[in-house]
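Note sheet for the following structure.
Proteins come first, then strands; the chains are lettered A, B, ... in the order of their sequence lines, and each starts at number 1.
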Amino acid sequence: MAAETASGYIQHHLQNLTFGQLPDGGWGFAHSAAEAKAMGFWAFHVDTLGWSVALGLIFVLLFRMAAKKATSGQPGGLQNFVEVLVEFVDGSVKDSFHGRSAVIAPLALTIFVWVFMMNAIDLIPVDWIPQLAIMISGDHHIPFRAVSTTDVNATLAMAFSVFALIIFYSIKVKGLSGFIGELTLHPFGSKNIFVQILLIPVNFILEFVTLIAKPISLALRLFGNMYAGELVFILIAVMFGSGLLWLSGLGVVLQWAWAVFHILIITLQAFIFMVLTIVYLSMAHEDNH
Amino acid sequence: MNINATLIGQSVAFFIFVLFCMKFVWPPVIAALQERQKKIAEGLDAASRAARDLELAHDKVSQQLREAKTQAAEIIEQAKKRGAQIVEEARDQARVEAERVKAQAQAEIEQELNGVKDALRAQLGSLAVNGAEKILGATIDQNAHAELVNKLAAEI
């Protein structure tokens, strides 16, 4: 790494392993950031998908293992761990969602654990997993990002899924007319029918922005936090490559300190994503206007 | 940060994980938790019930103990009374028996005495006649003097 420039190192670390259509027409991995960009929409970040799916599988299999053996008697270690998480999520759901839904609580659990696991990969020193990828592939320039939540695609995918559920439940609970009414008849209303018609576009603009802000803020908050956190780790890692002993020493201390602080961030971001999902979905369930 | 089809892949993965969690993870765990809650509630109920039962049993035991003590005291009292009565009866009986034996003995003595007296009296007549015969040196006609002798014997 020392041979590279700092900016090259950072850019390399912020580059996903992208699989898509190459300029020559064949399908393959992009070799540079420009090539990845040129692939357009129909390209896949293999590293993001691979890590998130792998961690998701660990989540479901681990929890399924505990759930299969779940007894009402004395719980074992794994069941205890799963029960603590389930009760925590169940409590969070019950705090803000008062209806009955078979979807929200498991959704919240999946979000919390999955996001937490994806975030937690950030605590592994930034070079380890990319170096592993280099060793396995034999390609010294292979880009590889291990933290799925630093890819805006991953966070947006979850946020849009939640958004789809918000729309689905809004329409299911309030009916299509109720949902449209919610979007167009508030916050400004009038007894006069003509004034009301004039107010509808204004209302719609305000309410639509409020609605669309939910998934966007959900996705960008998680993405921004994790991206920034990873960037700090990368910048600290640059210090190791400086060749100066005191700077490397400082880097060790800083990396440790930032990792400790980051434990808080990864947990908090997973929690925030979960809680906001619950809150948005409970808002979708209620006729609160 | 290119937005590309990863979005779709992630959404599909997310959807599948949520579905799996909803179908196979959440229900059994929640069911186990609720069942345990019920069990604990039942256990606590049973414990308080048992404590109440124990208290009742304690009360009953002490009451029975008290009753038994009273009863035992009564029985002892009765037994003592009966004992005294038996002793009294025995004593009376003994006294009566003693009286009877004494009376019988006395009667026997009396009878014997009378017998002896009669015998003596019978013998005394002949003895006196014999004595008188010897003294007088003459034979006294027994028949002639029988009246005299009998009179003498009756006087003794």
Side-chain angles (χ1 to χ4, degrees), chain A residues 14 16 18 20 33 36-37 39-46 48-49 52-53 56-57 59-60 63-64 66-75 79 82-83 85-87 89-90 102-103 105-107 109-111 113-114 148 150-158 160-162 164-165 223 227, chain B residues 1-69 71:
Chain A
L14 295 179
N16 278 100
T18 314
K37 213 170 183 69
M39 283 173 174
F41 183 77
W42 288 107
F44 294 95
H45 290 163
V46 178
T48 303
L49 282 168
S52 62
V53 169
L57 282 177
F59 157 63
V60 292
F63 275 57
R64 176 62 191 154
K68 226 185 333 196
K69 282 189 281 182
T71 71
S72 57
Q74 202 176 20
Q79 197 191 336
V82 169
E83 275 180 12
L85 280 173
V86 166
E87 281 193 310
V89 172
D90 201 37
V103 180
L107 174 76
L109 178 71
T110 310
I111 286 174
V113 180
W114 199 32
S148 307
T150 57
D151 184 349
V152 76
N153 286 299
T155 60
L156 268 180
M158 276 191 292
F160 281 153
S161 302
V162 171
L165 282 175
F223 164 72
Y227 190 85
Chain B
M1 51 175 280
N2 307 322
I3 290 173
N4 55 30
T6 312
L7 195 68
I8 296 167
Q10 286 284 333
S11 299
V12 171
F14 181 58
F15 178 74
I16 291 169
F17 289 141
V18 170
L19 206 69
F20 186 91
C21 183
M22 202 175 99
K23 289 266 179 265
F24 301 113
V25 174
W26 191 265
V29 175
I30 279 290
L33 282 173
Q34 277 167 354
E35 203 183 312
R36 185 173 317 132
Q37 268 172 4
K38 217 173 81 189
K39 263 188 185 173
I40 290 170
E42 276 167 7
L44 288 175
D45 253 17
S48 65
R49 221 175 19 245
R52 215 168 41 241
D53 282 357
L54 187 67
E55 209 171 308
L56 282 178
H58 269 311
D59 282 359
K60 208 169 167 183
V61 163
S62 59
Q63 194 192 334
Q64 270 178 349
L65 205 65
R66 232 174 11 250
E67 265 172 31
K69 269 182 184 164
Q71 227 165 18

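For the set A:D90, A:T155, A:L156, the count of heavy-atom pairs under 4.5 angstrom toward chain B peaks at A:D90. For the options A:G20, A:A70, A:A105, heavy-atom pairs under 4.5 Å to chain B are most numerous at A:A105. With respect to chain B, the highest number of heavy-atom pairs below 4.5 Å among A:G40, A:G73, A:A43, A:S161 belongs to A:A43.
Contacts of A:F44 classified as ring pair (Phe, Tyr, Trp, His ring centres under 6.0 Å), with partners at least two apart in sequence or in another chain: none.
Applying a 4.5 Å heavy-atom cutoff, the residues of residues 12-20 of chain B that approach chain A are B:A13, B:F14, B:F17, B:V18, B:F20.
When all heavy atoms are compared, the tightest approach of B:L33 to A:E87 is CD1-CG, 3.6 Å. When all heavy atoms of B:V25 and A:V60 are compared, the closest pair comes out as CG2-O, 4.3 Å. Nearest approach of A:L109 to B:C21, heavy atoms of both residues: CD2-SG, 3.7 Å.
Atom CZ in A:F160 sits 11.5 Å away from atom CD1 in B:I8 (nearest 0.5 Å).
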Derivation and outcome, side chain to side chain contact (heavy atoms under 4.5 Å, CB included), residues B:N4 and A:H45:
CA-CA 8 Å; B:N4 55 30; A:H45 290 163; 3.1 Å; yes
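Counting only residues at least two apart or in different chains, side chain to side chain donor-acceptor pair (under 3.5 Å) contacts with residues 19-45 of chain B comprise A:S72-B:E35, A:S72-B:K39, A:E83-B:R36.
Within the 4.5 angstrom heavy-atom criterion, atoms from both the backbone and the side chain of A:A36 approach chain B. Both the backbone and the side chain of A:S52 come within less than 4.5 Å of a heavy atom in chain B. Of the two parts of A:A102, only the backbone, made up of N, CA, C and O, holds a non-hydrogen atom closer than 4.5 Å to a non-hydrogen atom of chain B.
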Sequence neighbours excluded and cut-off under 3.5 Å, please list the side-chain donor-acceptor pairs for residues 52-61 of chain B, or say none.
none

